[in-house]
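To start, the structure under review is shown below, and the notes come after it.
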2 protein chains.
Amino acid sequence: MGVSRSTVIGRPREFDVDEALECAMRVFWERGYEGASLADLTGAMGITKTSMYAAFGNKEQLFRKALERYTEGPASYAARAMEEPTARQVAEALLRGSVRTTTLPGGPPGCLGVQGALASGEGGRPAHDMLVAWRNDATLRVEERFRRAVDEGDLPEDADPRRLARYIMTVAFGIAVQAANGLGRDELQDSADMALRNWLP
Amino acid sequence: MGVSRSTVIGRPREFDVDEALECAMRVFWERGYEGASLADLTGAMGITKTSMYAAFGNKEQLFRKALERYTEGPASYAARAMEEPTARQVAEALLRGSVRTTTLPGGPPGCLGVQGALASGEGGRPAHDMLVAWRNDATLRVEERFRRAVDEGDLPEDADPRRLARYIMTVAFGIAVQAANGLGRDELQDSADMALRNWLP
DNA sequence: GGGTTTCTGTACCGACCGGTTAGGATCGTG
DNA sequence: CACGATCCTAACCGGTCGGTACAGAAACCC
């Protein structure tokens, strides 16, 4: 929206929406939905509450936008992993990407999709549901990719795509928790390798 | 404390401390530390704020007590698993216990130790740190148990107890997240079995 | 029953929560 | 330059947060 208009009427906003969203994403990533107060968010974004409301609507919509940005930014490894030629390589890229992103030097340890709102009070329910859907959706996409692998003969005929996807995502979520525990990249990659070692009989 | 005194002076409290703590534990389990308000907690406990403060000190100490109760109650499978005769059986019991506890019919899905405060704001930091220590401590105890297994000849001489413990706990934490996602007991146990299939070369 | 001790309920505290409103200041356009 | 749209600052909204002060009720000892 607003992109089609060549000449904008009224005073243009003074801050960069993308930059502000990036900052908000990091705060949500670090503190979770309920743990991130409006003061935390707007402080990091460098704008006032009013500007934030004008640009994003409210906290919940800001979180939704931040989650989208996370998906297309730090978590874009997931989409890229789906394009790997074999199911084995998909799984490897998925876990390697989760290890790298949850231990990004410049960012908070862990995964926004996991620690954003695992448990929450009444007010955090929308964010909670959003993330449950996000995680289950990711699992579903892996399942579909594995189903394709069966069709292509890459995976054996009797392989169960849903089971395999569930397993890989379980490990990926575990890695996210361990990253939040402070484990290092090498340690996490080691666990990922172990999980992949018995990949199919 | 208080056990040595046979006759108590003053008015005895009208509620059962253990029962109240049990209720508080379930609220923390379901909503997390920050997501559980004092109103939620005291409402579920069936007492007033004043009584809660008199009996437990404050919210943080209530959480600590609740976590202890969780460790000795729903999560007691972990301590029992350590007494299994072989490392393989320890690992199996650990994952089976985590699957069962995170999908307890009467309780919230997931694990209090994981979703209690994975990410938090400033006020939730003590609880956050408490749980990081809880999870790392659990991993350490598994490592020690596996080290013993190496000493006893149960695990090969070149096995790395720390790596193995890290791997098992990573899967256990992943199971907790998946349980919070709504996955069922059979699905989780299936992933646990897959993780155990490549247990040692 | 008197005295002491501790519990319980109510009412209240300042701080902060997410969210809104009013009023200028500031920009692009005609 | 005037207009219209949007900006920013700042004060403010009711509600809730975790945490207390106080007074009365209830149970024990003597």
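Residue numbers start from 1 in every chain, and the chains themselves are labelled A, B, ... in the order their sequence lines are given, proteins ahead of strands.
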Any N/O donor-acceptor pair, B/T50 side-chain to C/dT10 base, under 3.5 Å: yes

Any idea which of D/dG18, C/dT8, D/dC8 is nearest the B/Y53 side chain? D/dG18

Starting from the 5' end of DNA chain D, give me the residue, B/E14 or B/S37, whose nearest nucleotide shows up first. B/S37

Under 4.0 Å between any heavy atoms, over every strand shown, what does A/T48 touch: base, sugar-phosphate, or nothing? Just pick one. base

Nearest-nucleotide check on DNA chain C, A/E60 vs B/G46; residue mapping nearer the 5' end is B/G46

Figure out the CD/P separation between A/E34 and D/dT16, and round it to whole Å. 14 Å

Pair of N/O donor and acceptor under 3.5 Å linking C/dG9 base with B/K49 side chain: no

Phosphate oxygens OP1/OP2 of D/dC7: is one of them under 4.0 Å from a side-chain N or O of A/S51? no

How close or far is atom P of C/dG18 from atom CE of A/M52, stated in whole angstroms? 9 Å

For C/dG18, does either OP1 or OP2 sit under 4.0 Å from a side-chain N or O belonging to A/K59? yes

Tell me: CG of B/N58 to C1' of D/dG18, nearest whole Å? 9 Å

With heavy atoms under 4.0 Å as the rule, sort A/A55 into base, sugar-phosphate or nothing. nothing

Protein-nucleotide distance (B/M45, atom CE; C/dT8, atom P), rounded to Å: 11 Å

Does a side chain donor of either A/S120 or A/E34 reach within less than 3.5 Å of an acceptor in the other side chain? no

What's the CZ-C1' distance between B/R13 and C/dT5, to the nearest Å? 14 Å

Rounded interatomic separation in angstrom, taking CZ from A/R31 and P from C/dC17: 10 Å

Is there a donor-acceptor pair under 3.5 Å between the side chain of B/T101 and the backbone N or O of B/S98? no

Rounded off to whole Å, could you give me the CG-to-P distance for the B/D40 and D/dC17 pair? 7 Å

Looking only at side-chain N and O atoms, does A/N181 offer a donor or acceptor that is under 3.5 Å from a partner on A/Q178? yes

Using whole Å, report how far CG of A/L41 lies from P of C/dG19. 11 Å

Salt bridge check: are A/R88 and A/E92 linked by an N-O gap of less than 4.0 Å? yes

For A/S37 and A/D40, does a side-chain donor sit closer than 3.5 Å to a side-chain acceptor? yes

